[in-house]
2 protein chains.
Amino acid sequence: MDTKTEKKYRIGDFAEVTGLSSPTLRYYEKEGLIKPHRTENGLRYYTDQDTDWIKFLLHLKSTGMTIEQLKQYVDWRAEGDSTIDKRVALLEDVRSNFEKEFDNLQKSWTILNDKLDWYKGKVNGHIEDSESFAAYLKRLNHEE
Amino acid sequence: MDTKTEKKYRIGDFAEVTGLSSPTLRYYEKEGLIKPHRTENGLRYYTDQDTDWIKFLLHLKSTGMTIEQLKQYVDWRAEGDSTIDKRVALLEDVRSNFEKEFDNLQKSWTILNDKLDWYKGKVNGHIEDSESFAAYLKRLNHEE
DNA sequence: ATTAAACTTAAAGCTAACTTTAATATAAGA
DNA sequence: TCTTATATTAAAGTTAGCTTTAAGTTTAAT
């Protein structure tokens, strides 16, 4: 009566599922971020639960968490519910840094767009050829 | 009748102004991103125009432009108006990549926040202890 | 005039996050 | 059964973007 036959992925298939390479998966394992299962012959295999974790891990990574921080997170998780506060504190710290960086990025995006507008204005002549980009930004109130 | 006495910054002061280190400024110079002036004794100095350029460069950098791409941009700029199309194309390419990455970051930010909410719900008991994070995301319609 | 801080160069070193290599073993399909 | 794909390990190599070092020179303040 097996209520749920778990799908098993070998490293190559799991690499496709996650968008990572096999060497990267082995690297993450070596760094302690994943713990795949093994067949009786010693081959790695991964399950759908591992997929969930990898996806979450990749989101954390793109918010700026380093491998080392992720490792810390994994270790705390393995210790159980007594470390929830630490995990929350870590994630809140990551979020706070990320938000700062995110604001910077928005600013940079604005400046990049301004520059493209400036080029276009220059090319079809509705911005004075003599108006510097710095002056243009000042006029838009986008300078720092 | 000197209509405008330009302020001159030595590398250490310019480092403070830009938030970069002196070695980084020398490195950027070696890579062809800046061309400071020199005193008669060979010391570098920078002007307010250089500040504008560095600020813009740092914005481009944070949108994902590499040193190499910045160097290309600088070279084209030095060639004059005939390369405006190339520069615009480069910046548009950078913008497009940036926008994709930005969407990802927004998604990651959402997931990070969901995780923190999940932890909080778990701790003060209004999320079933048995509800996995994956299930929680599904309930919020935030899964991939 | 002296001294300390700041500058000069070229080259080597560092860090994060992989990627590649080499030599070998296991597994899956015809 | 044979062949080919995929797996195994440990270790070395790569890349971007700086940072540090070493040995000497210039500047600024006392």
Side-chain angles (χ1 to χ4, degrees), chain A residues 7-47 50 53-74 94 97-98 101 104-105 108, chain B residues 7-47 50 54 56-74 94 97-98 101 104-105 108:
Chain A
K7 224 186 275 174
K8 294 178 180 181
Y9 303 87
R10 283 173 58 183
I11 197 167
D13 299 327
F14 193 65
E16 278 212 9
V17 170
T18 57
L20 298 170
S21 69
S22 301
T24 299
L25 287 168
R26 293 195 197 93
Y27 167 70
Y28 281 0
E29 180 181 348
K30 208 183 72 186
E31 296 303 312
L33 307 190
I34 357 173
K35 235 191 211 85
H37 319 266
R38 297 284 180 156
T39 68
E40 45 181 31
N41 288 304
L43 295 196
R44 290 172 181 83
Y45 71 88
Y46 303 79
T47 69
D50 297 320
W53 164 239
I54 286 280
K55 278 184 184 163
F56 180 53
L57 176 159
L58 291 177
H59 279 302
L60 291 184
K61 224 170 77 63
S62 60
T63 64
M65 258 178 107
T66 62
I67 302 271
E68 205 177 346
Q69 285 178 308
L70 284 164
K71 163 73 167 144
Q72 176 66 269
Y73 183 84
V74 168
V94 166
N97 288 331
F98 178 67
E101 182 53 26
N104 273 332
L105 288 180
S108 293
Chain B
K7 224 187 276 177
K8 295 177 179 179
Y9 303 86
R10 284 173 59 182
I11 197 168
D13 298 327
F14 193 64
E16 277 212 8
V17 170
T18 58
L20 299 169
S21 69
S22 303
T24 299
L25 286 168
R26 292 194 197 94
Y27 168 69
Y28 282 0
E29 179 180 348
K30 206 184 72 186
E31 296 304 313
L33 308 190
I34 356 173
K35 236 192 210 85
H37 320 266
R38 297 282 180 156
T39 67
E40 47 180 30
N41 289 303
L43 295 196
R44 290 172 181 83
Y45 70 88
Y46 303 80
T47 70
D50 297 319
I54 286 280
F56 179 53
L57 176 161
L58 291 177
H59 280 301
L60 291 184
K61 222 170 78 63
S62 60
T63 65
M65 260 178 104
T66 62
I67 302 271
E68 205 177 345
Q69 285 177 309
L70 284 164
K71 163 74 167 146
Q72 175 65 272
Y73 183 84
V74 167
V94 166
N97 288 332
F98 178 69
E101 182 54 24
N104 274 333
L105 287 180
S108 293

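The chains referred to below are lettered A, B, ... by the order of the sequence lines, with proteins before strands, and numbering in each begins at 1. What you see is a predicted model, and the numbers here were worked out from it, not measured in a lab.
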Intermediate values then yes/no, side-chain contact (heavy atoms from CB on, under 4.5 Å), B/Val94 and B/Leu60: CA-CA 8 Å; B/Val94 166; B/Leu60 291 184; 5.7 Å; no
Residue pair B/Thr66, B/Gln69: steps toward the side-chain contact (heavy atoms from CB on, under 4.5 Å) verdict: CA-CA 5 Å; B/Thr66 62; B/Gln69 285 177 309; 3.5 Å; yes
4.5 Å side-chain heavy-atom contact, B/Val74 and B/Leu57: no
Terminal axes of the helix from C/dA1-D/dT30 to C/dA30-D/dT1 (five pairs each): angle between them, nearest 10 degrees: 20°
Minimum heavy-atom distance B/Ser62-A/Ser108, with the two atoms named: OG-OG, 2.8 Å
B/Ser22 to B/Gly12 - nearest heavy-atom pair and separation: OG-CA, 4.0 Å
First and last nucleotide of DNA chain D, 5' to 3', lying under 4.0 Å from heavy atoms of chain A: D/dT6 to D/dT9
Stretch residues 11-21 of chain A: residues that reach within less than 4.0 Å of DNA chain D through a heavy atom: A/Ile11, A/Gly12
Whichever of B/Thr39 and B/Tyr27 has its nearest DNA chain D nucleotide further upstream toward 5': B/Tyr27
Sugar-phosphate only, base, or nothing, as touched by A/Lys30 at under 4.0 Å among non-hydrogen atoms: nothing
Heavy-atom contact window of chain A on DNA chain C, given 5' to 3' at under 4.0 Å: C/dA17 to C/dA28
Touch class at under 4.0 angstrom, heavy-atom based, for B/Arg10 against every strand present: sugar-phosphate
Contacts of type salt bridge (charged side-chain N to carboxylate O under 4.0 Å, His left out), residue A/Glu68, not counting sequence neighbours: none
Sub-4.5 Å side-chain heavy-atom contact between A/Ile67 and A/Leu33: yes
Separation of A/Phe56 CZ from A/Leu70 CG (nearest 0.5 Å): 9.0 Å
Qualifying residues under side chain to side chain donor-acceptor pair (under 3.5 Å), relative to A/Tyr28, sequence neighbours excluded: none
4.5 Å side-chain heavy-atom contact, B/Val17 and B/Tyr46: no
Any A/Arg44 side-chain heavy atom under 4.5 Å of A/Phe14 side chain: no
Candidate pair A/Asp13 and A/Glu16, rule side-chain contact (heavy atoms from CB on, under 4.5 Å), full reasoning: CA-CA 5 Å; A/Asp13 299 327; A/Glu16 278 212 9; 5.6 Å; no
Pairwise 5' ranking along DNA chain C for B/Ser22 and A/Glu68, keeping only the more 5' one: B/Ser22
Sugar-phosphate, base or nothing in reach of A/Tyr28, heavy atoms under 4.0 Å: sugar-phosphate
Carboxylate-amine/guanidinium contact A/Arg38 A/Glu29, below 4.0 Å: yes
